[in-house]
Amino acid sequence: MDKPVTPRAAAPGPRRRDRHGRGMRGPIAPPQVPLAASRADAFADLVQDSVERLERRWPQLADIDFLVLEVPRLDGPGQAWNDEAVPLGGTISAREGRPARVVVYRRPVEIRTKGRDERAALVHEIVVEQVAELLGLTPETVDPRYGEDQG
């Protein structure tokens, strides 16, 4: 007479294999690999690289906050822009104990660029222009290579 086979209880703890026997799935790439970085993180890195490049020449930039926002806001009635006038960056003067700020808008910049190199060049151009505005200088004074990066 056959004895009924009782199913074995699942072992406590993590499963070692998935049901198809290929092993557990994990991340495609480890966190330190650029593939794992979000587009927003990669864009923030471009801004940071540009700022570090300028800080060597202008140490006072350490007193300025650099921000990345997704898109520009319309702050009041009657403020609008057309397709040719969407801002790529802006400045906020220091006031009420807050440091001056340079803002770079990620989505408008991404829409206007095709690759990482082109995006990096445009981000640097925007940062240079906004820093020049805050410091009351020309962009060429802030970065002598201003305008030369485009190829």
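Along the sequence shown, residues carry numbers from 1. Just so you know, these numbers use all the heavy atoms, side chains as well, and skip hydrogens, waters and symmetry mates.
A donor-acceptor pair under 3.5 Å is formed between the side chain of Thr113 and the backbone N or O of Val109.
Each side chain to side chain donor-acceptor pair (under 3.5 Å) pair with one or both residues in residues 54-72, not counting sequence neighbours, appears once here: Glu70-Arg106.
Arg145 is listed as a side-chain neighbour of Arg53, based on a closest heavy-atom distance under 4.5 Å. Side-chain contact between Pro72 and Pro108: present, with at least one pair of heavy atoms (C-beta onward) separated by less than 4.5 Å. Side-chain contact between Arg101 and Thr91: absent, with no pair of heavy atoms (C-beta onward) separated by less than 4.5 Å. With a 4.5 Å cut-off on side-chain heavy atoms, Leu88 and Arg112 count as touching. Taking 4.5 Å as the limit, every side-chain heavy atom of Pro99 sits out of range of all side-chain heavy atoms of Ile64. With a 4.5 Å cut-off on side-chain heavy atoms, Ile92 and Val103 count as touching.
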Q) So Glu133 and Val102, side chain to side chain contact (heavy atoms under 4.5 Å, CB included) or not? Walk me through it. A) CA-CA 10 Å; Glu133 186 176 318; Val102 169; over 6 Å; no
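With sequence neighbours excluded, the residues that form a side-chain hydrogen bond (donor to acceptor under 3.5 Å, both in side chains) with Gln48 are Glu52.
Side chains of His124 and Asp49: a donor-acceptor N/O pair is absent below 3.5 angstrom, by distance only.
Taking both residues in full, the closest heavy atoms of Phe43 and Tyr105 are given as CZ-O, 4.3 Å, listed atom of the first, atom of the second, then distance.
Checked against Val142 for a side chain to side chain contact (heavy atoms under 4.5 Å, CB included), the options Leu61, Val127, Val128, Leu134 give a single hit: Val128.
Both Val51 and Leu137 are part of a single hydrophobic cluster, where members link through side-chain heavy atoms under 4.5 Å apart.
In this structure, OG on Ser50 lies 10.5 Å from CG on Leu122, to the nearest 0.5 angstrom. Note that the CZ atom of Arg39 and the CD atom of Glu110 stand 4.5 Å from one another [nearest 0.5 Å].
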